[in-house]
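Right, one structure below, let's go through it.
So that the names make sense, note that chain A is the first sequence line, chain B the second, and so on, each numbered from 1.
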2 protein chains.
Amino acid sequence: MTERDVLALRTDADEETCRRVLQVLARVGDKWTLLVIGTLREGTMRFGELHRAVTGISQRMLTLTLRQLERDGLVGRTVHPSVPPKVEYALTELGRTLLGTALQLAWWAADHIDEIEANRRDYDSALSPAGD
Amino acid sequence: MTERDVLALRTDADEETCRRVLQVLARVGDKWTLLVIGTLREGTMRFGELHRAVTGISQRMLTLTLRQLERDGLVGRTVHPSVPPKVEYALTELGRTLLGTALQLAWWAADHIDEIEANRRDYDSALSPAGD
DNA sequence: CCGCATCCATTTGGATACTG
DNA sequence: CAGTATCCAAATGGATGCGG
């Protein structure tokens with residue numbers, strides 16, 4: 001698969017494949033996915049641990065995010081039939097390969113965040129001439 | 001910056017930095033950003049060309065996406081003061097470095113999309129026992 | 001040609017209350 | 001403890017019409 005097949009999504013490319021790939025990228029880029037995957041990097045965690053570890057996530061969104069990840073086969077879910085219930089989550093092999101790739105992007109972001117924020121300041125101050 | 005600083009967002013990490021990095025990842029992961037950047041890979045394009053090249057994008061979203069990318073310094077915008085107006089867009093150096101990193105993720109998605117979709121089918125059929 | 005403003009439908013996500 | 005269900009607010013994004 002070539003670059004243009006993956007990212008271009010031109011009318012004359014294989015749109016079907018592009019759509020499927022983009023769908024995965026959208027999933028990865030949503031508000032909580034990378035945070036949850038990144039948190040599970042350290043090993044198996046219980047629902048409550050994850051909830052405390054991922055600052056700001058609601059119970060609802062943690063549940064939804066974990067369900068998506070489980071459905072995609074990126075995270076495994078183990079229920080221990082005890083009272084009270086105990087449910088553990090861990091990255092699968094597939095999940096670990098994604099983590100590696102996602103970290104590259106995170107590093108890019110970390111490397112360039114200062115430049116990006118400087119660009120934003122320039123852009124904004126050029127629009128609001130305040131003291132010009 | 002370590003892995004945990006970038007992705008973990010634990011309560012005891014540098015939340016401020018994490019939030020800023022995540023903000024960039026969210027931008028990259030939104031519906032149109034990678035598509036536009038990927039399309040500009042080939043070189044300078046006019047607004048109308050982009051609009052035709054990125055299948056399915058509305059004029060409004062193309063404008064908004066380009067503004068964001070311009071503000072972040074990922075895309076440059078050149079206005080030719082002619083009649084009718086002619087506006088050209090091109091990746092900046094920063095934009096090109098992002099393209100390289102983003103392609104890694106796109107390739108990961110392309111490599112694993114079949115496995116992910118198979119996982120989804122398994123998951124869904126395990127939930128709806130239909131003929132079980 | 002480029003793109004902004006308005007209106008509106010859909011989606012997303014948080015707060016809360018409730019169940020096994 | 002680990003979810004599910006409901007309600008509601010905010011963000012997202014398309015369609016359309018206007019303006020430089």
Side-chain angles (χ1 to χ4, degrees), chain A residues 9 19 22-37 39-40 44-72 75-90 123-124 126-128, chain B residues 9 19 22-37 39-40 44-72 75-90 123-124 126-128:
Chain A
L9 192 59
R19 288 290 174 211
L22 261 299
Q23 184 189 352
V24 171
L25 294 184
R27 171 71 25 95
V28 168
D30 80 11
K31 197 172 178 184
W32 300 111
T33 297
L34 282 184
L35 242 28
V36 170
I37 288 180
T39 303
L40 284 174
T44 298
M45 293 182 81
R46 299 184 56 177
F47 184 91
E49 289 182 277
L50 272 170
H51 196 188
R52 282 185 297 278
V54 181
T55 309
I57 197 171
S58 65
Q59 196 180 40
R60 169 189 158 85
M61 290 316 297
L62 180 55
T63 300
L64 290 179
T65 302
L66 286 170
R67 283 300 162 279
Q68 309 264 43
L69 293 175
E70 188 192 357
R71 190 169 99 104
D72 290 351
V75 161
R77 176 174 183 268
T78 310
V79 179
H80 300 271
S82 55
V83 179
K86 177 177 174 180
V87 182
E88 293 188 318
Y89 295 91
Y123 184 92
D124 292 345
L127 286 190
S128 349
Chain B
L9 194 59
R19 286 291 173 209
L22 262 297
Q23 184 189 350
V24 172
L25 295 183
R27 169 74 21 98
V28 168
D30 80 10
K31 197 172 178 184
W32 300 111
T33 296
L34 282 183
L35 242 28
V36 170
I37 288 180
T39 303
L40 283 175
T44 298
M45 293 182 81
R46 297 185 58 180
F47 185 89
E49 289 181 277
L50 271 169
H51 196 189
R52 282 185 297 277
V54 181
T55 309
I57 197 171
S58 64
Q59 196 181 42
R60 169 190 159 85
M61 290 317 296
L62 179 55
T63 299
L64 290 180
T65 302
L66 286 170
R67 284 300 161 279
Q68 308 265 39
L69 292 175
E70 189 192 356
R71 190 168 100 102
D72 290 351
V75 162
R77 176 174 184 266
T78 310
V79 179
H80 300 272
S82 55
V83 180
K86 177 177 174 182
V87 183
E88 293 188 318
Y89 296 90
Y123 184 93
D124 292 345
L127 286 189
S128 350

- Can you check whether Tyr89(A) has a side-chain N or O nearer than 4.0 Å to OP1 or OP2 of dC1(D)? no

- To the nearest 0.5 Å, how far apart are NZ in Lys31(B) and CG in Leu64(B)? 13.0 Å

- Task: Mind calculating the distance between CD1 (Ile57(A)) and P (dA15(C)) to the nearest angstrom?
- Result: 12 Å

- Query: In whole Å, what is the span from the NE2 atom of His80(B) to the P atom of dG3(C)?
  - Reply: 12 Å

- Message: Just verifying a value: how many Å separate Leu62(B) CG and Trp32(B) CH2, rounded to the nearest 0.5 Å?
- Response: 9.5 Å

- Spacing between Gln68(B) atom CD and dC4(C) atom C1', to the nearest angstrom: 15 Å

- Item | Where Asp30(A) and Thr33(A) come nearest, the two heavy atoms and their spacing | OD1-OG1, 2.7 Å

- Item | From dG14(C), dG14(D), dA2(D), nucleotide with atom closest to Phe47(A) side chain | dA2(D)

- Message: What's the closest nucleotide to the side chain of Pro85(B) if the choices are dG13(D), dG3(D), dC2(C)?
- Response: dC2(C)

- Message: Let's see if you can work this out: which of dG14(C), dA17(C), dC2(C) has an atom nearest to the side-chain heavy atoms of Gln59(A)?
- Response: dA17(C)

- Round to the nearest Å and state the distance from Leu66(B) atom CG to dC1(C) atom C1'. 14 Å

- Just checking, any donor-acceptor pair under 3.5 angstrom between side chains of His51(A) and Gln59(A)? no

- Would you mind reading off the distance between Arg77(B) atom CZ and dC1(C) atom P, rounded to a whole angstrom? 16 Å

- Do the side-chain N or O atoms of Ser58(B) get closer than 4.0 angstrom to the phosphate oxygens (OP1, OP2) of dG14(D)? yes

- Quick note, Met61(A) side chain, CB onward, closest among dG14(C), dG14(D), dC2(C) is dG14(C)

- Which sits closer to the 5' end of DNA chain C, Asp30(A) or Thr63(B), going by the nucleotide each is nearest to? Thr63(B)

- Quick one: closest heavy-atom pair of Val28(B) and Leu34(B), and the distance? O-CG, 3.5 Å

- Task: Find which nucleotide of DNA chain D each of Leu64(B) and Lys86(A) is nearest to by heavy atoms, and output the residue with the more 5' nucleotide.
- Result: Lys86(A)

- Whole-Å distance, His51(B) NE2 to dG14(D) C1', equals 11 Å

- Out of dC2(C), dC1(D), dT4(D), which nucleotide sits closest to the side chain of Val87(B)? dC2(C)

- Message: Nearest to the Arg67(B) side chain among dC4(C), dG14(D), dC2(C), which nucleotide is it?
- Response: dC4(C)

- Message: Rounding to an integer number of Å, can you tell me how far Arg60(A) CZ sits from dT11(C) P?
- Response: 14 Å

- To the nearest angstrom, the CG-P distance between Leu35(B) and dG13(D) comes to 12 Å

- Message: At less than 4.0 Å, is any side-chain N or O atom of Lys31(B) found next to OP1 or OP2 of dG14(D)? Yes or no.
- Response: yes

